[in-house]
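Heads up: the structure comes next, in structure tokens.
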Amino acid sequence: MMGKKLRTHYSREITPEDDGKNVTVAGWVHEVRDLGGLTFVVLRDRDGTMQVTLVKNKVKDDLFDVVRDLSRESIVSISGAVKQEKKAPNGYEIIPNEIMVLSKAKSPLPLDVTGKVGADLDTRLDARFMDLRRAEIQSVFKIRHHVLTAIRDFLESKDFIEIQTPKIVATATEGGTALFPITYFEREAFLSQSPQLYKQIMMATGLDRAYEIGPIFRAEEHDTRKHLNEVTSIDVEASFITHEEVMSILEETVKHAYAHVQKHCERELGTVGVDLQMPKTPFRRLRYEDALDIARKHKECKDMEWGDDLDTAAEKAIGKEIGEHYFIVDWPTEIKPYYVQPYDDKPEICKAFDLMHPKMELASGSQRVHSYDLLVKRIKAQGLDPEGFEFYLDAFRYGMPPHAGWGMGAERLLMSMLGLANIRETVLFPRDRRRLSP
RNA sequence: GCCCGGGUAGUGUAGUGGCCUAUCAUGAAGCCCUGUCGAGGCUUCGACUCGGGUUCAAAUCCCGACCUGGGCGCCA
């Protein structure tokens, strides 16, 4: 037997001009308003809501019984005729002749989907499946999808190919950051903190231009609105190129993502309440020492010395003064990782850059060391043991081209783009110091 | 890891020692209502995180545990 279609139209595919047309719509029972002889069922699907109207003596009596029993958020498929109606929210309503209840929702609900009553982030994340039924929450993830699509498109247009590198690794990438240890058969292994070493190894293959969008894991016990223990890193690496050139690629990538979202996510931006401003490129290049001077003008940073990393207070002070995206370049070599190339004529500073949004750091990158001898020297200078990096160093022994690259936090990009207060808003199921479920 | 806050019906809140038999909204159950669009009206239901202590008396004060928000450090 042929099954009847559960849905022929989404809410947005119906217009008042479809007057008289028979449709089958399906989704969640958003609200039921019973006015006595007249009952409205607000049905919600992926694209929005639509009104189903039951008028006494005009629709079958048993449909009233079905609707009376409907709990909020139950799943129904409703067949009926479209009727043009100025008084209806979308300019049309559906006069049902059949209502199939496909799944009954229990009551009470863990949170209010209609948004009349708020819920704490923690409550929302516990019931994320239901939180995500709200249009403004769902919109964030539709925009996230478009951001990543835009970045893939852009990088492809620049001849990059997408790669995947291992997430189970034997050693730390650069020391410092805490790693999550795991059991790998009889050995200890770790979750990868960064694809850094692997994407550099790829430069020894002749692939020339590669990028990866994937998860990275940090075991830091940080507890802030802009840190997570599992994040999505957008990593780019290219050969025969300078750090100046990859900075251009980075700012173009960001610009492209904004433009794509502005073009394709008008509705979602409206739902989230964001008036997206296109960032102006090229972004300002601020040398580390000039950034330090700006920070020092503020009293909580006045004692900062050359060689200090820029802390949150400094970041805020500089961000406030610049007011838009900017790069910090020419960092002290000693506070950047061993794989960053120092300037030949001034080795105390290096060809590293951070991409900053006025509110936070978005990305960092650099010209890499491609000389085997210098790399070993730099690893030792940072108090690390080259033996632990054999698999990496090996790629530098047999012809490694000059290369440069960067890594950008996808969540940070989205968070700053949409002005979200908490980075957890940008991840479906965030992993933080305390949360491992759902 | 350090420093501040907070835990009250399913959800969001009011309540700083007795006036709490705990406020309001939302929700749920029931009734009324033929144009709602955060529908409206009436009735009912539902909560002080846990353990110890102080006191004649604790949601309220103290201690501990657990959970949780924010700031810092570190970073993306």
Side-chain angles (χ1 to χ4, degrees), chain A residues 30-42 49-59 64 68-69 71-73 83 85-91 93 105-127 130-131 173-178 193-196 215-235 300 308-316 335-337 354-357 359-365 406-416 421-424 426-427 432-435:
Chain A
H30 193 65
E31 277 186 282
V32 177
R33 281 194 278 272
D34 180 1
L35 275 67
L38 180 67
T39 299
F40 300 106
V41 177
V42 180
T49 58
M50 62 197 127
Q51 178 166 290
V52 177
T53 304
L54 289 81
V55 185
K56 204 139 216 167
N57 302 325
K58 290 196 180 161
V59 304
F64 276 89
R68 215 185 318 278
D69 276 348
S71 52
R72 282 167 174 253
E73 296 303 307
K83 185 185 167 207
E85 174 57 71
K86 285 204 175 65
K87 285 180 274 189
N90 301 350
E93 58 192 13
K106 274 182 65 174
S107 175
L109 301 168
L111 43 82
D112 171 28
V113 180
T114 67
K116 286 178 212 163
V117 181
D120 291 340
L121 183 59
D122 191 54
T123 308
R124 290 172 42 209
L125 292 176
D126 280 342
M130 185 151 293
D131 186 43
T173 305
E174 41 197 276
T177 307
Q193 67 177 116
S194 158
Q196 181 66 32
I216 59 172
F217 307 90
R218 305 277 164 100
E220 298 287 349
E221 296 185 359
H222 35 48
D223 223 345
T224 79
R225 295 183 300 167
K226 53 181 187 177
H227 289 93
L228 290 168
N229 294 293
E230 178 179 27
V231 306
T232 305
S233 179
I234 301 161
D235 269 276
E300 62 271 26
D308 288 344
D309 210 342
L310 300 174
D311 59 18
T312 303
E315 229 173 63
K316 278 182 185 163
I335 58 172
K336 286 289 174 186
D354 281 6
L355 172 62
M356 308 296 297
H357 177 271
K359 294 218 162 73
M360 73 192 97
E361 181 182 342
L362 297 183
S364 61
W406 45 260
M408 174 159 60
E411 287 79 14
R412 290 273 180 95
L413 178 62
L414 189 63
M415 183 185 177
S416 58
N422 195 308
I423 197 164
R424 290 162 183 78
T426 68
V427 181
D432 62 32
R433 176 73 185 89
R434 298 189 183 88
R435 183 173 287 277

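Letters go in sequence order (proteins before strands), and every chain restarts at 1.
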From C-beta outward on A/P89, which listed nucleotide comes closest to its side chain: B/U36, B/U34, B/U11? B/U36
Rounded to the nearest 0.5 angstrom, the NE2-CG distance for A/H227 and A/D432 is 12.5 Å
Whole-Å distance separating the CG atom of A/L35 from the P atom of B/G41: 13 Å
Could you measure between the two P atoms, the one in B/G17 and the one in B/C61, and give it in whole Å? 8 Å
A/K86 NZ - B/U36 C1' separation (whole Å): 18 Å
How far does the C1' atom of B/C24 sit from the matching atom of B/G15, given to the nearest Å? 11 Å
In the structure shown, which nucleotide is the Watson-Crick or G-U wobble counterpart of B/U13, with both distances under 3.5 Å? none
Answer yes or no: is there an ion pair linking A/D354 with A/K336, defined by an N-O contact shorter than 4.0 Å? yes
For the pair A/D126 (side chain) and A/L121 (backbone), establish whether a donor and an acceptor sit closer than 3.5 Å, ignoring hydrogens and angles. no
Give a yes or no answer on whether the side chain of A/R218 reaches the backbone of A/Q193 with a donor-acceptor pair at less than 3.5 Å. yes
Protein-nucleotide distance (A/R33, atom CZ; B/U34, atom P), rounded to Å: 17 Å
Take the protein atom NZ of A/K87 and the nucleotide atom C1' of B/A39, then report the distance between them rounded to whole Å. 15 Å
If B/C2 has a Watson-Crick or G-U wobble mate with both distances under 3.5 Å, name it; if not, just say none. B/G71
Euclidean distance for P, B/C3 against B/C19 (whole angstrom): 38 Å
Would you call A/D122 and A/R424 a salt bridge, using N to O less than 4.0 angstrom? no
Could you give the distance separating B/A14 and B/G6 at their P atoms, to the nearest angstrom? 12 Å
Taking only N/O atoms, report every protein-nucleotides 24-27 of chain B pair under 3.5 Å with atom names and distance.
| unit_1 | atom_1 | unit_2 | atom_2 | d |
| --- | --- | --- | --- | --- |
| B/G27 | OP1 | A/R72 | NH2 | 3.2 |
| B/G27 | OP1 | A/K116 | NZ | 3.2 |

How far does the P atom of B/A47 sit from the matching atom of B/A9, given to the nearest Å? 9 Å
With P as the reference atom in both, quote the distance from B/G51 to B/A25 in angstrom, rounded to an integer. 31 Å
Between atom CD1 in A/I234 and atom P in B/A76, what is the gap in whole Å? 14 Å
B/U54: pairing nucleotide in any strand, Watson-Crick or G-U under 3.5 angstrom: none
In whole Å, measure the gap between the C1' atoms of B/C33 and B/G46 for me. 27 Å
Roughly how many Å is it from CZ in A/F40 to P in B/C37, rounded to a whole number? 9 Å
Between B/G73 atom C1' and A/H227 atom NE2, what is the distance in whole Å? 9 Å
Between the main-chain N or O of A/K226 and the side-chain N or O of A/R412, is there a donor-acceptor pair closer than 3.5 Å? yes
No-H, no-angle donor-acceptor pair, A/H222 side chain to B/C72 base, under 3.5 Å: no
Touch check for A/E93, heavy atoms < 4.0 angstrom, all strands: base, sugar-phosphate only, or nothing? base
Once you apply a heavy-atom cut-off of 4.0 Å, does A/A88 come out as touching a base, just sugar-phosphate, or nothing? base
Worked check of salt bridge (charged side-chain N to carboxylate O under 4.0 Å, His left out) between A/E221 and A/R434: CA-CA 9 Å; A/E221 296 185 359; A/R434 298 189 183 88; over 6 Å; no
Taking a pair to mean Watson-Crick or G-U wobble geometry with both distances below 3.5 Å, B/C42 pairs with B/G30
Report which part of the nucleic acid A/P110 touches: base, sugar-phosphate, or nothing (heavy-atom distance under 4.0 Å, all strands). sugar-phosphate
Taking the side chain from A/T53 and the backbone from A/F40, do they hold a donor-acceptor pair closer than 3.5 Å? no
With a 4.0 Å cut-off on N to O distance, would you call A/K83 and A/E85 a salt bridge? yes
Salt bridge A/K86-A/E93, side-chain N to carboxylate O under 4.0 Å: no
Upstream residue (5' side of RNA chain B) when A/V42 and A/D120 are each assigned their closest nucleotide: A/D120
A/E220 CD to B/A76 C1': how many Å, rounded? 12 Å
Tell me which of A/E221 and A/E411 sits closer to the 5' end of RNA chain B, going by the nucleotide each one is nearest to. A/E221
For a quick check of understanding: with a heavy-atom distance under 4.0 Å over all strands, which category does A/D34 fall into, base, sugar-phosphate or nothing? base
Looking at A/T123, is its backbone amide N or carbonyl O close enough to the side chain of A/D120 to form a donor-acceptor pair, meaning the two atoms are under 3.5 Å apart? no
Protein-nucleic acid N or O pairs under 3.5 Å, nucleotides 68-71 of chain B:
| unit_1 | atom_1 | unit_2 | atom_2 | d |
| --- | --- | --- | --- | --- |
| B/G70 | OP1 | A/N422 | ND2 | 2.9 |
| B/G71 | OP1 | A/R225 | NE | 2.6 |
| B/G71 | OP1 | A/R225 | NH2 | 2.9 |

Is there a donor in the side chain of A/T232 and an acceptor in the side chain of A/E411, or the other way round, less than 3.5 Å apart? yes
Looking only at atom C1', what distance separates B/U16 and B/C75, rounded to whole Å? 41 Å
At under 4.0 Å between heavy atoms, what does A/E315 touch on the DNA or RNA strands: base, sugar-phosphate, or nothing? base
If you look at every strand shown and take non-hydrogen atoms under 4.0 Å, does A/I216 touch a base, only sugar-phosphate, or nothing? nothing
